[in-house]
Amino acid sequence: MDSSGVAGVRPDAELLVAAGASTGPGGTVDVGPDMRTNLDAVWAAGDCVITHHRLLGRTYLPLGTTAHKQGRVAGENALGRSARYAGSLGTQVVKVFDLVAARTGLRDRDAAEAGHVTLTTQSTPDDHKRYYPGAQPISVRVTGDATTGRLLGAQLVGGLTTQTTKRVDTLATALFHEMSVEAVSELDLSYTPPLGSPWDAIQMATQDWVRRHRSTGASA
C-alpha cells in the first residue's frame with residue numbers, strides 16, 4: 001500500500017524513464033511485443049513494463065507468469081533472435097483457506113468497457129459425478145460476446161479438491177485461440193467419475209451460457 005492508501009503494484013521504472021524510455025499505462029515502460037524499449041539496444045520485462053493483453057491491447061497487468069514469458073522474449077532478442085510475446089489473458093489463481101478462486105480473460109464490466117455487447121451467466125455444476133462420494137460444487141461465471149458468441153472470460157470458485165486450476169487453464173486455452181463459448185463443449189476433455197463428468201463442469205457452464213444466449217434471441 002502506498003502513501004495514498006492505494007493497494008496494489010506500482011512499476012519501478014524510474015531508472016529507465018530517467019534514461020529516456022517512453023512510458024505507457026500506469027507509468028510503465030512502453031515496449032513492443034519483442035520487449036524492446038525506444039532506447040537503443042535496451043529490452044525490458046516484468047512488472048515495470050506494459051502488458052500486451054490479447055483482449056485489451058496495451059494495458060498494465062503485472063503477474064509472475066507474464067513476467068517470466070516477457071523475460072524469455074527479452075533475453076532471446078538481446079541475443080539477436082526474433083522472439084515475440086504472444087500476449088496475456090490475465091489468468092490468475094489464489095488459494096483462500098479451503099477455497100480456490102481463479103479467473104481468465106475479462107469480467108462482464110471489463111468486456112463492456114472494451115466495447116463488447118456482453119452476456120454473463122453463473123452456474124454451479126459439481127466437480128465430478130454426484131453418485132461418487134465427495135462431489136463439490138464449483139461456481140463458474142462465463143462472459144461472452146452476445147453478438148459474435150466469442151468467449152471473453154470466466155471466473156471460478158471451488159474447494160481445494162475441485163481441480164479449479166485445471167479448469168481455468170482449459171478456459172484460458174480456449175480464450176487464447178479465440179474460441180466461441182459454444183465451441184468449448186466440443187473439446188475432448190478427460191472423464192472418470194471420481195474426477196469429472198462426461199460433460200466437464202466448465203462445459204456445463206458454457207452450455208448454460210449458450211441456452212441463455214439462444215433464449216435472448218441473440219445471433220452469433
Check: Any idea how Trp209 and His213 line up, ring-wise: parallel (<30°), tilted (30 to 60°), or perpendicular (>60°)?
Finding: parallel
Between the main-chain N or O of [Y] and the side-chain N or O of [X], is there a donor-acceptor pair closer than 3.5 Å?
{"X": "Thr173", "Y": "Asp169", "result": "yes"}
{"X": "Thr37", "Y": "Val42", "result": "yes"}
{"X": "His52", "Y": "Gly87", "result": "no"}

Checklist entry - Would you call Arg167 and Asp127 a salt bridge, using N to O less than 4.0 angstrom? => result no
Before you tell me yes or no, could you show the steps for Tyr60 and Asp47 under side chain to side chain contact (heavy atoms under 4.5 Å, CB included), namely the whole-Å CA-CA distance, both residues' side-chain angles and the distance that decides it to 0.1 Å? CA-CA 8 Å; Tyr60 182 49; Asp47 292 354; 4.1 Å; yes
Full working for side chain to side chain contact (heavy atoms under 4.5 Å, CB included) between Val49 and Met35: CA-CA 9 Å; Val49 305; Met35 311 313 297; 4.0 Å; yes
Heavy atoms of Val29 and Ala21 approach each other most closely as CG1-CB, 4.1 Å
Return yes if a side-chain donor-acceptor contact under 3.5 Å exists between [X] and [Y], otherwise no.
{"X": "Thr120", "Y": "Thr143", "value": "yes"}
{"X": "Thr121", "Y": "Asp208", "value": "no"}
{"X": "Thr162", "Y": "Gln136", "value": "no"}

**Request:** Report yes or no: do Val168 and Val100 belong to one cluster of Ile/Leu/Val/Met/Phe/Trp/Tyr joined by side chain heavy-atom distances under 4.5 Å?
**Result:** no
Starting from Phe176, can I reach Leu61 by hopping between I/L/V/M/F/W/Y residues whose side chains sit under 4.5 Å apart?
no
CG (Asp110) and CG (Leu56) are apart, to the nearest 0.5 Å, by 7.0 Å
So CD of Gln122 and CG of Asp108: to nearest 0.5 Å the spacing works out to 11.5 Å
Only one of Asp145, Leu171, Leu106 passes side-chain contact (heavy atoms from CB on, under 4.5 Å) with Leu151, and that residue is Leu171
*Tell me, with the steps shown, if Arg214 and Glu182 meet side chain to side chain contact (heavy atoms under 4.5 Å, CB included).*
CA-CA 11 Å; Arg214 290 173 178 168; Glu182 188 168 10; 2.7 Å; yes
Within a reach of under 6.0 Å around [atom1] of [X], are more than 12 heavy atoms found that belong to other residues, nucleotides or ligands?
{"X": "Leu99", "atom1": "CG", "result": "yes"}
{"X": "Arg109", "atom1": "CZ", "result": "no"}
{"X": "Tyr132", "atom1": "OH", "result": "no"}

Going through the distances and angles, do Ile202 and Leu187 end up as a side chain to side chain contact (heavy atoms under 4.5 Å, CB included)? CA-CA 11 Å; Ile202 63 168; Leu187 296 173; 5.5 Å; no
Taken in chain and number order and not counting sequence neighbours, the residues that satisfy salt bridge (charged side-chain N to carboxylate O under 4.0 Å, His left out) with Asp126 are Arg130
